[in-house]
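Atoms considered below: every heavy atom in the structure, side chains included; atoms not considered: hydrogens, waters and symmetry mates.
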Amino acid sequence: MDHGHDMPGTGGMAAPPPMNNTGMMHHHKMMMMHMTFFWGKSAEILFSSWPGSFEKRPYMYFVALLFVFVLSILVEWLSHCRLIKPGSGPVVAGLVQTLLHALRVGVAYMVMLAVMSFNGGMFLVAVAGQTLGFFFFGSRVFKKTHPPTETSDLPPMSC
């Protein structure tokens, strides 16, 4: 048995990948991960290398801002929409309500992850999108009845 590439005490397993000075594995070049708010236009949000470098693809940062803005509005719409028709059977209504809940939670987590990029622009568009979404779908400005007996198919989100 060739022990030239084995580490002592590993039972014949190969050596682990090289580590950098912080003890983390270093497989490929990674973008710097911010842990405080920053105002740069080069960021990585939600997906690997997206939107990427502002110098290489300047429009993509604005596409990412618009995407997070729309997702934020969608969270508010899902929180206040009425899609289940009165008189629907309890099983069908329950399934639709459960699917709407899953969609709302998934979209809300995507907005949260975008904000966790610590990019100041992402934070601002997420707050602006939820604010505008609430104004259109949750406030009394566009409600037909006052006060509404039931405002949505889903209960309020809890943080």
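The distance from atom CD1 of I45 to atom CE of M60, rounded to the nearest 0.5 Å, is 10.0 Å. From L66, atom CG reaches atom OH of Y59 across 14.5 Å, with rounding to the nearest 0.5 Å. A distance of 4.5 Å separates CG of L132 from CD1 of I73, quoted to the nearest 0.5 Å. A distance of 11.0 Å separates OG in S72 from CE in M110, rounded to the nearest 0.5 Å.
With hydrophobic clusters built from ILVMFWY side chains whose heavy atoms lie under 4.5 angstrom apart, V115 does not share a cluster with V70. Using a 4.5 Å cut-off between side-chain heavy atoms of Ile, Leu, Val, Met, Phe, Trp and Tyr, with links allowed through other members, V68 and F62 fall into the same hydrophobic cluster. With hydrophobic clusters built from ILVMFWY side chains whose heavy atoms lie under 4.5 angstrom apart, V96 shares a cluster with V105. When hydrophobic clusters are built by joining Ile, Leu, Val, Met, Phe, Trp and Tyr residues whose side-chain heavy atoms come closer than 4.5 Å, directly or via intermediates, F142 is not grouped with F134.
Taking the centre of each ring, H80 and F136 stay at or above the 6.0 Å mark.
Among pairs with a residue in residues 114-135, those fulfilling side-chain hydrogen bond (donor to acceptor under 3.5 Å, both in side chains) read Y61-N119, E76-Q130, at least two apart in sequence or across chains.
Although no hydrogens or angles enter the test, the distance criterion places a donor-acceptor pair under 3.5 Å between the side chain of K143 and the main chain of F137. Checking side-chain atoms of S88 against main-chain N and O of I84 turns up no donor-acceptor pair under 3.5 Å.
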Could you walk me through whether L78 and L74 pass the side-chain contact (heavy atoms from CB on, under 4.5 Å) check? CA-CA 6 Å; L78 288 168; L74 182 60; 4.0 Å; yes

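The closest side-chain heavy-atom distance from V75 to Y109 is not below 4.5 Å.
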